[in-house]
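What's counted below: heavy atoms across the whole structure, side chains too, no hydrogens, waters or symmetry copies. Computed from a prediction, not measured in an experiment: that's the story for all the values here. Numbers restart at 1 for each chain; the letters A, B, ... are given by sequence-line order, proteins then strands.
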Number of protein chains: 2
Amino acid sequence: MTFGEYIRVIREEKQLLLREVASQMNIDTALLSKIERGTRIARKEQVEALAKALKQNKSEMLQYWLADKIVFMLKEEKNITEILKIVEQKINRLSKK
Amino acid sequence: MTFGEYIRVIREEKQLLLREVASQMNIDTALLSKIERGTRIARKEQVEALAKALKQNKSEMLQYWLADKIVFMLKEEKNITEILKIVEQKINRLSKK
DNA sequence: TTTGACTTGTCAATATTTGTCTAATGTAAG
DNA sequence: CTTACATTAGACAAATATTGACAAGTCAAA
């Protein structure tokens, strides 16, 4: 499930309209629509506003959002597993020091 | 070791000057200097040209470069491990389907 | 002090991202 | 069918970010 699908599910569960949520976020309805459909990437502040509007845990939502961006970066690559291993090694080294 | 440090080590092992490598890459020496020092991010084509100039395996070098970019995205975050787990789940789901 | 390697700061040109507007499409109710 | 409303698509200017180049700077060895 992509970030967009994820937030759409939540919005629909809460029976809120795009218009309502977008208004709370202070953005155009069309933009939120695009974010949900994955044709636009939300900015960090927008994710935060969205979490507030949907009464969700902000950092959890940010995690999904960031994970999505990383998946997007990797999508086209061949050796994704290898790349993620390198990332983990680097992260581990960062936290050790 | 960051991407910049990594390519600098290779360049120095081969006893090449910034000027020489940059020239082969068709970029300014100053720009290569910045890339090595991490104050500028190389573009994909530049990494490829660099691999050629240093006679390194292109896809391996691109892996280090991409990994570095991801680390950079994550550096400031709290729950990096959690985020990486989500990424892996998403990737696995992608490859299954 | 001169030379050569490298670094730094700045800047215009270029490219990308952003948000909004308008028009289109979809859909349920009357 | 018409109306009313929700959502989506496309196009655009404005805002931001990235890029490469240049000039001036530091530094170390000769």
How close or far is atom [atom2] of [N] from atom [atom1] of [X], stated in whole angstroms?
{"X": "Ile27(A)", "N": "dT18(C)", "atom1": "CD1", "atom2": "C1'", "result": "11 Å"}
{"X": "Ile41(B)", "N": "dT19(D)", "atom1": "CD1", "atom2": "C1'", "result": "12 Å"}
{"X": "Ile35(B)", "N": "dT7(C)", "atom1": "CD1", "atom2": "C1'", "result": "14 Å"}
{"X": "Glu45(A)", "N": "dT18(C)", "atom1": "CD", "atom2": "C1'", "result": "11 Å"}
{"X": "Leu32(B)", "N": "dA21(D)", "atom1": "CG", "atom2": "C1'", "result": "15 Å"}
{"X": "Glu12(B)", "N": "dA5(C)", "atom1": "CD", "atom2": "P", "result": "14 Å"}
{"X": "Phe72(B)", "N": "dT18(D)", "atom1": "CZ", "atom2": "C1'", "result": "13 Å"}

Legend entry - Heavy-atom donor-acceptor pair, Trp65(B) side chain to Ala42(B) backbone, under 3.5 Å: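 Yes, the answer is positive, given that a donor and an acceptor are paired below the 3.5 Å cut-off.
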Inset, instruction - Looking only at non-hydrogen atoms, find the nearest pair between Leu17(B) and Arg11(B) and report the distance. - result: C-NH1, 3.6 Å
Legend entry - Gln46(B) side chain near dT19(D) phosphate (N/O to OP1/OP2, under 4.0 Å): no
Inset, instruction - Following the transitive rule for hydrophobic clusters with a side-chain heavy-atom cut-off under 4.5 Å over Ile, Leu, Val, Met, Phe, Trp and Tyr, establish whether Val9(B) and Val21(B) coincide in one cluster. - result: yes
Legend entry - N-O pairing of Lys44(A) and Glu77(B) below 4.0 Å: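 So Lys44(A) pairs with Glu77(B) through a salt bridge.
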Inset, instruction - May I ask you to test the Lys52(B)-Lys58(B) pair for a side-chain heavy-atom distance under 4.5 Å? - result: no
Inset, instruction - Using a 4.0 Å heavy-atom cut-off across all strands, classify Leu31(A) as base, sugar-phosphate, or nothing. - result: base
Legend entry - Sequence-aligned protein contact record of nucleotides 3-12 of chain D, with B where the base is within under 4.0 Å of a protein heavy atom and S where only the sugar-phosphate is: ---SSBBBB-
Inset, instruction - Give a yes or no on this: more than 12 heavy atoms of other residues, nucleotides or ligands lie within 6.0 Å of atom CD of Glu45(B). - result: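 Yes - once you tally the heavy atoms of other residues, nucleotides and ligands closer than 6.0 Å, there are more than 12.
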